[in-house]
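These notes concern the structure reproduced below.
Residues: numbered from 1 along the sequence shown. Keep in mind it's a predicted model, so treat the numbers as computed, not measured.
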Amino acid sequence: MQLKKRFLSLAAAAALLLAPALLHARPFKWASQGEIGTWDIHSDNNSLAQGIHSWVYESLVYYNSRTFAVEPLLATSWKEISPTQVRFVLRQGVKFHDGSAFGADDAVFSLQRAMAKTSTFTPNTQGIRQVVKVDEHTIDVLLSAPNPVLLRQMTDLRIMSRAWAEKNRSVEPKDIKGTEENFAHRNAMGTGPYTLESWQPEVKMVFKRNPDWWGKMEGNVTEMVYTPIKSTATRMAALLSGELDMVLDPAPQDLARLRATPELKVIDGLEYRTIFLGMDQFREELPGSNIQGRNPLKDVRVRRALYQAIDAETIARSIMRGLGKPNGTLVAPMVAGYTEAVGKRLPYSVEAARKLLAEAGYPDGFEVDFACPNNRYINDEAICQAITAMWSRVGVRAKLRTMPLSTFLPMLQRYEASVYMLGWGVTTFDALYTLQSLARTVGAGADGNYNVGRYSHPRMDYLVDRIKVETDAPVRTRMLTEALQLSNDTVSHIPLHDQVIPWAMKRNIDLVHRADNRVDVRMVKVN
């Protein structure tokens, strides 16, 4: 009997010790329509993946979520040894999730990995010539020329364990254009505040708090579940029922109801992402078009006609319901290089579009392939359907095909679309990031890495290459604006709008809304 009483006393004491931990367990369940394509941190350069990867993998520097100033992360400090040599002092005492120590070998390996041929992070490594180890806790980044936005580029260059990558056949990034997988595609092992516990593609991801994380946690989330839910109705139902704590992309038509629901709140702001259409300006003949021996999209008059046939104001009002601000250039107002003048749209005019098509030799229009994602941007599929109808009024018969982002981006990288929708967020808040990726002639590294319409203009190439190395700030800003205006004048792309992003959540959720549409889970509080 005494033994039984003693056992019960010990059990009661253990329960008391465990109670605070259970009491303070804070799960956070959220969803959006999109799914990431891979867990390889240098394979798929899109914002959703970058935001999710940042919970598990860390970079040397990162943006402050409130100010977007660059601040230390795995590097504690940095200094310019010369205009082409920047020295980074690495944080000591940091452990990877397997308990191994983070050091200079991992930093050198990861930055060089981001520069590999199969990496899509070359916009973030542009200008980096070499990365060398100085000692166990110091590295030098050597540049081909001075780079005024180096630190901003490095905010998305995350660090992977060299030993883990070598052990698990993941030295090279997974090629997004192919189907071959490496170990890092489905597995993750970083230094970040959370560990990836499981990933069931298109179903859910589960994360647990890393008890050995080196940093200070402002939030209190102990477990996180992310669920990709393509159906808008299903996402909204899950939020309203309490199954989800937050939805990253509530439907515009549901916002009034969500704002009026006492248990919920909506916070929003302008995103740094511009939605646009790209066009194949390379092929001599478009696959699937009724025009033989010619590519109508090579003619600037045709591109301008497609632009002026789109009623961006109606899309913003009726489809976006205020969540899209029409824009006439490829970057949002908070991005260096933008001006009100360069952001002014060409006027919507069916008559002008018809006249331009006739002048170009297409009075009856033509047929063209039109590819769009259906689970990435706010109402992306509905926008493309509306544009298809608008183009039909001027005789352009777009054959619309939509698909999930996970198959859409590899398809684009294989140059398999004639006209396509894409959104481009500017992680550096500097227009070079957009111009080099989207408008520079396809070349080495970041040059034209997402110029999948293969637009090419010698003046654009000259400006982009000058901007890369120009350190005189006023001169550089003028060149950024000139390049954006050149893009407008030649209709390199058709800009549509900048997204306004609302986040809907339970009232007991506190977090910081970011212009890059990323959830910084380090700052999420479940009250």
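Aromatic ring orientation, Y420 versus F276: perpendicular (interplanar angle above 60°, classes split at 30° and 60°). Taking the six-membered ring for Trp and thresholds of 30 and 60 degrees, W503 and H513 have ring planes inclined between 30 and 60 degrees apart. Ring planes of W30 and W55: perpendicular class, angle over 60° (limits at 30 and 60°).
Applying the ring-ring contact (aromatic ring centres under 6.0 Å, His included) definition to pairs two or more places apart or across chains, those involving residues 341-363 are Y362-F366. Each ring-ring contact (aromatic ring centres under 6.0 Å, His included) pair with one or both residues in residues 228-274, not counting sequence neighbours, appears once here: Y272-F429.
For the pair Q281/S456, no side-chain contact is recorded, criterion being any heavy-atom separation below 4.5 Å from C-beta on.
The closest side-chain donor-acceptor pair between D280 and S418, if any, does not fall under 3.5 angstrom. Y450 and T120 share no side-chain donor-acceptor pair at under 3.5 Å. For the residue pair R466/Y462, the side-chain donor-acceptor check at 3.5 Å is satisfied. No side-chain donor-acceptor contact under 3.5 Å links Q33 and R235. With hydrogens and angles left out, the side-chain atoms of R273 and S47 include a donor and acceptor closer than 3.5 Å. At a cut-off of 3.5 Å, with distance as the only test, a side-chain donor of D461 or T441 sits close to an acceptor on the other residue.
Using a 4.0 Å cut-off between charged nitrogen and carboxylate oxygen, D465 and R440 count as a salt-bridge pair. Look at D498 and K325 and you find no salt bridge, because none of the NZ, NE, NH1 or NH2 atoms lies under 4.0 Å from a carboxylate O. In summary, R376 and D249 do not engage in a salt bridge, as defined by a charged side-chain N under 4.0 Å from a carboxylate O.
The main-chain N or O of T118 is never found under 3.5 Å from a side-chain atom of K177 such that the two would form a donor-acceptor pair.
Annotation for Q200: atom CD counts as buried by contact number, over 12 foreign heavy atoms lying within 6.0 Å. Summarising the local packing, NZ of K298 is surrounded by more than 12 heavy atoms from other residues, nucleotides or ligands at distances under 6.0 Å.
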Go through the steps to decide whether L422 and L409 satisfy the test side-chain contact (heavy atoms from CB on, under 4.5 Å), and finish with yes or no. CA-CA 9 Å; L422 196 62; L409 289 180; 4.0 Å; yes

Full working for salt bridge (Lys or Arg N to Asp or Glu O under 4.0 Å) between R393 and D311: CA-CA 12 Å; R393 297 172 194 160; D311 187 349; 6.0 Å; no

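Separating the CG atom in L286 from the CG atom in D369 is a distance of 8.5 Å, to the nearest 0.5 Å.
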